[in-house]
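Have a look at the structure below before the remarks.
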Amino acid sequence: MEFRTISDSKRTFLPLLLLGDEQEAMINRYLDRGTLWALYDGGLRAVCVVTEEGAGDFEIKNLAVAPESQRQGYGRAMVEHVVRQCRGRGKRLLVGTGDSPLTLPFYEACGFRECGRIEGFFVENYDHPIYEAGRRLTDMVLLDMEL
């Protein structure tokens with residue numbers, strides 16, 4: 001596995017980023033100010049965008065694994081890479097996600113714990129309903145991990 005920091009042409013990764021965040025306008029809010037990592041293992045397997053939010057907080061804004069590479073450990077490998085990169089530079093790693101039976105258990109297995117919610121986030125910030133695992137997402141679940 002090889003992790004690459006992507007500085008130029010970040011938008012070429014948009015097709016994969018759209019798996020982690022369905023609305024391009026939302027991605028545009030953080031892509032340029034965030035660090036984009038790509039995980040390669042015989043080809044592109046995953047991407048992740050992390051922003052520095054101040055006060056020692058980093059936030060995973062987008063984590064996406066190519067469909068053919070899902071459930072093979074690439075998502076966890078990316079989270080572990082992000083933790084290594086942020087540790088010593090910050091106090092806490094955050095992630096906001098939908099209340100989904102697919103994503104919440106994944107982040108909890110990676111060591112994150114729920115620390116709050118933003119009610120109505122997906123309804124108020126997206127121009128179309130977002131569904132995951134047959135469930136319409138309304139609230140953003142906030143999770144964190146001490147670095």
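Note: hydrogens, waters and symmetry copies are ignored here, and every other heavy atom, side chains too, is used.
- Under the 4.5 Å side-chain criterion, counting only non-hydrogen atoms from C-beta, N125 is in contact with R29.
- When every heavy atom of V50 is checked against every heavy atom of C86, the shortest pair comes out as CG1-SG, 4.2 Å.
- The nearest pair of heavy atoms linking C48 to M78 is CB-CG, 3.5 Å.
- Contact check for F58 versus T35: no side-chain heavy atoms found under the 4.5 Å cut-off.
- Atom CG of D127 sits about 11.0 Å away from atom CD of E24, to the nearest 0.5 Å.
- Residues F106 and V79 are in side-chain contact: their nearest non-hydrogen atoms beyond the backbone lie under 4.5 Å apart.
- Of all the heavy atoms in G98 and L104, the pair that sits closest is O-CG, 3.8 Å.
- Residues V123 and Y126 fail the side-chain proximity criterion, which asks for heavy atoms closer than 4.5 Å.
- Here the closest heavy-atom approach between residue N62 and residue L17 is recorded as ND2-O, 2.9 Å.
- Clustering ILVMFWY residues whenever any of their side-chain heavy atoms sit less than 4.5 angstrom apart, transitively, puts Y30 in a cluster other than the one holding M140.
- No continuous path of hydrophobic side-chain contacts links L16 to L102 [ILVMFWY only; heavy atoms under 4.5 Å].
- One hydrophobic cluster holds both L14 and L31 under the rule that ILVMFWY side chains link at heavy-atom gaps under 4.5 Å.
- When side chains are defined from C-beta on, E132 does not count as touching F122, because their heavy atoms never get closer than 4.5 Å.
- Heavy atoms from other residues, nucleotides or ligands lying under 6.0 Å from CD of E119 number 12 at most.
- The backbone N or O of Y40 lies less than 3.5 Å from no partner atom in the side chain of R4, so there is not a single donor-acceptor pair.
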Exercise. Could you give me the CA-CA distance, side-chain angles and deciding distance for R89 and E52, then say whether side chain to side chain contact (heavy atoms under 4.5 Å, CB included) is met?
Key: CA-CA 10 Å; R89 297 176 46 217; E52 194 166 348; 3.9 Å; yes
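- Between A66 and L44, the closest heavy-atom pair is CB-O, 4.3 Å.
- Closest non-hydrogen pair, R136 versus P129, comes out as NE-CB, 3.5 Å.
- Put simply, the side chain of L94 reaches to within 4.5 Å of the side chain of R92, judged on heavy atoms.
- Under the salt bridge (charged side-chain N to carboxylate O under 4.0 Å, His left out) test applied with D32, the options R11, K61, K10 reduce to a single match, R11.
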Self-check item: Intermediate values then yes/no, side chain to side chain contact (heavy atoms under 4.5 Å, CB included), Y107 and L63
Solution: CA-CA 11 Å; Y107 284 115; L63 173 61; 3.6 Å; yes
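- For E146 and R113, the salt-bridge test fails: no basic side-chain N is under 4.0 Å from an acidic carboxylate O.
- One finds the CD atom of E108 at 6.5 Å from the CG atom of L143 (value rounded to the nearest 0.5 Å).
- Within a 6.0 Å radius of CZ in R71, no more than 12 heavy atoms belonging to other residues, nucleotides or ligands are found.
- The closest side-chain heavy-atom distance from H128 to E22 is below 4.5 Å.
- Taken from CZ in R45 to CG in L39, the straight-line distance is 9.0 Å, to the nearest 0.5 Å.
- The backbone N or O of V65 lies less than 3.5 Å from a partner atom in the side chain of Q70, making a donor-acceptor pair.
- A continuous path of ILVMFWY side-chain contacts below 4.5 Å connects L147 to I60, so both sit in one hydrophobic cluster.
- The hydrophobic cluster containing L93 also contains F3, counting ILVMFWY residues as joined when their side-chain heavy atoms lie under 4.5 angstrom apart, directly or transitively.
- Contact of the D21 side chain with the I27 side chain is registered, since non-hydrogen atoms from C-beta on lie closer than 4.5 Å.
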